[in-house]
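In what follows, a structure is listed as structure tokens, so that the remarks can point back to it.
Reminder, nothing fancy here: chain letters follow the sequence lines and each chain counts from 1. These numbers were taken from a predicted model, which means no experiment stands behind them.
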2 protein chains.
Amino acid sequence: MVVKRLPVYLRVLNELKDEAVDIVSSHELARRTGFSSEQIRKDLACFGALGTRGLGYRTDVLRERIRSVLGLDRTLNVVLVGAGNLGTALARYTLSRETGINLVAVFDDDPEKVGRRIEDVEIRAMADLAGVLAEQGVRVAILAVPASAAQGVTDLLVAGGVEAILNFSPAKLDGRGKAYVKNIDLAIELQSLAYYASGEAGRAGTSGA
Amino acid sequence: MVVKRLPVYLRVLNELKDEAVDIVSSHELARRTGFSSEQIRKDLACFGALGTRGLGYRTDVLRERIRSVLGLDRTLNVVLVGAGNLGTALARYTLSRETGINLVAVFDDDPEKVGRRIEDVEIRAMADLAGVLAEQGVRVAILAVPASAAQGVTDLLVAGGVEAILNFSPAKLDGRGKAYVKNIDLAIELQSLAYYASGEAGRAGTSGA
DNA sequence: AATTGTGAAACACTTCACAGCC
DNA sequence: GGCTGTGAAGTGTTTCACAATT
């Protein structure tokens with residue numbers, strides 16, 4: 001799928017911007033991303049011819065185009081639910097990097113945690129969730145709650161208008177036909193690694209999620 | 001790819017074990033995993049016919065078979081490099097769950113952190129890395145260091161015999177033909193979500209990594 | 001000469017359809 | 001009747017080969 005590669009292009013384009021490189025070829029992008037040059041040309045062609053034959057692609061044009069396609073040219077308000085170890089780390093990670101993503105609030109149902117801050121974002125009670133979603137026009141959420149609570153929280157998020165959920169809990173979630181759910185299950189990733197370390201797989205630098 | 005689904009089956013089989021269910025059909029597995037029943041039968045058939053026609057699969061047999069295929073029937077020693085926010089959270093996560101994975105050590109190059117403990121695992125200096133890898137027969141590593149350090153650490157890990165690396169740093173890593181590298185880039189996942197929240201994508205519960 | 005853009009071929013993965021079995 | 005196992009068809013993605021452009 002194309003969309004998984006776009007943020008990779010964006011990362012490289014940001015690096016190129018720092019290096020003050022104006023023009024880049026699909027071959028150079030291939031070297032830096034690990035994708036094939038043909039695939040890169042196909043990807044880039046699919047949102048309008050941008051390159052110049054014999055020369056390459058203008059980095060600034062490409063960067064803005066990808067940001068626009070991803071919707072990162074508009075501010076993206078995100079909430080995180082679950083302020084445990086993983087949730088807190090994810091919050092700090094999101095806040096610390098220039099990803100174009102604005103974490104507006106963190107929620108947890110533990111009264112002990114409510115009122116604390118992660119950097120300058122307050123941890124709020126679940127009761128406030130619907131209000132914040134509506135007020136801030138939040139359409140993306142990160143979920144880092146126990147599996148048993150995951151579907152319930154998902155339903156609250158969907159009811160509040162959230163359209164995309166990044167789910168770190170080990171549960172199969174139903175977006176109720178309204179939200180896209182992307183699962184990242186760390187236990188699954190670790191257990192998959194066991195397989196690759198057992199010697200069965202081909203040895204190659206593979207670009208995962 | 002089959003191997004990404006095996007840990008999902010394993011999770012469901014563990015749930016079924018808790019529920020004292022002895023036999024399960026591909027349809028029930030489909031309901032619980034979100035995969036299609038045909039796909040499940042194909043997956044399970046690929047490591048030997050295990051089901052009984054008209055009945056289903058024996059959960060205990062299936063569970064042991066999958067654990068064996070994944071290599072989880074043998075103890076899997078894992079190290080983690082990088083004890084920042086994310087690394088620490090990953091360490092706690094790995095230690096807190098019954099994943100069949102044994103975190104033997106955490107490494108960091110910050111002298112401030114060396115000597116501290118995460119649960120009962122000590123944070124050690126990078127200088128100790130090669131020794132621990134050899135002594136404990138470590139073949140899997142988790143990488144949560146800044147992008148700039150990632151390839152250097154990868155080379156140390158590969159030199160020490162590591163065969164699979166779960167990489168959380170935003171960098172394309174080269175396993176030098178010896179190690180399988182699986183990337184999980186949180187920034188990429190978040191930026192991809194922006195796309196799905198912009199209304200371009202079909203609305204369905206999608207099972208990601 | 002170098003590079004993009006793209007139809008065609010190759011490949012991988014998923015779904016369909018149904019035979020075989022309990 | 002219900003379920004597994006599987007060849008065949010379908011679908012989506014990647015690679016190949018090369019024409020078109022600067």
- Message: Quick check: on DNA chain D, is the nucleotide nearest A:Gln39 upstream (toward 5') of the one nearest A:Gly54, or the reverse? Name the residue that is more 5'.
- Response: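 The residue whose closest nucleotide sits nearer the 5' end is A:Gln39.
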
For [X] and [N], what is the distance between atoms [atom1] and [atom2] respectively, to the nearest whole Å?
X       : N     : atom1 : atom2 : result
A:Leu55 : C:dG5 : CG    : C1'   : 15 Å
A:Leu29 : C:dT4 : CG    : C1'   : 12 Å
A:His27 : C:dA1 : NE2   : P     : 16 Å
B:Phe35 : D:dT4 : CZ    : C1'   : 19 Å
B:Arg65 : D:dT4 : CZ    : P     : 18 Å
B:Phe47 : D:dT4 : CZ    : P     : 14 Å
B:Lys42 : D:dC3 : NZ    : P     : 19 Å
A:Asp43 : C:dT4 : CG    : P     : 13 Å

Do any side-chain nitrogens or oxygens of [X] fall under 4.0 Å of OP1 or OP2 in [N]?
X       : N      : answer
A:Ser36 : D:dT15 : yes
A:Thr52 : C:dT4  : no
A:Ser26 : C:dT3  : no
A:Tyr57 : C:dG5  : yes
B:Arg41 : C:dC16 : no

- B:Arg53 side chain: which of C:dT4, C:dT14, C:dC22 is closest?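 Of the options given, the side chain of B:Arg53 lies nearest C:dC22.
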
- Query: Out of C:dA17, D:dT4, D:dA20, which nucleotide sits closest to the side chain of B:Glu38?
  - Reply: C:dA17

Got a list of side-chain donor-acceptor pairs under 3.5 Å for residues 80-89 of chain A, not counting sequence neighbours?
{"residue": "A:Thr88", "atom": "OG1", "partner": "A:Ala83", "partner atom": "O", "Å": "3.2"}
{"residue": "A:Thr88", "atom": "OG1", "partner": "A:Gly84", "partner atom": "O", "Å": "2.7"}

- Task: Compute whether any side-chain donor of one residue and acceptor of the other, for A:Arg63 and A:Asn14, lie under 3.5 angstrom apart.
- Result: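 Yes, because at least one side-chain N or O of A:Arg63 sits under 3.5 Å from a partner of the opposite role on A:Asn14.
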
- Would you please say whether a donor-acceptor pair under 3.5 Å links the side chains of B:Gln151 and B:Asp155? yes

- Do B:Asn183 and B:Phe168 come close enough that some side-chain heavy atom pair is under 4.5 Å? no

- B:Val153 side chain reached by B:Met126 side chain, heavy atoms, under 4.5 Å: yes

- Task: Assign B:Leu44 to base, sugar-phosphate, or nothing according to its heavy-atom contacts below 4.0 angstrom with the strands shown.
- Result: nothing

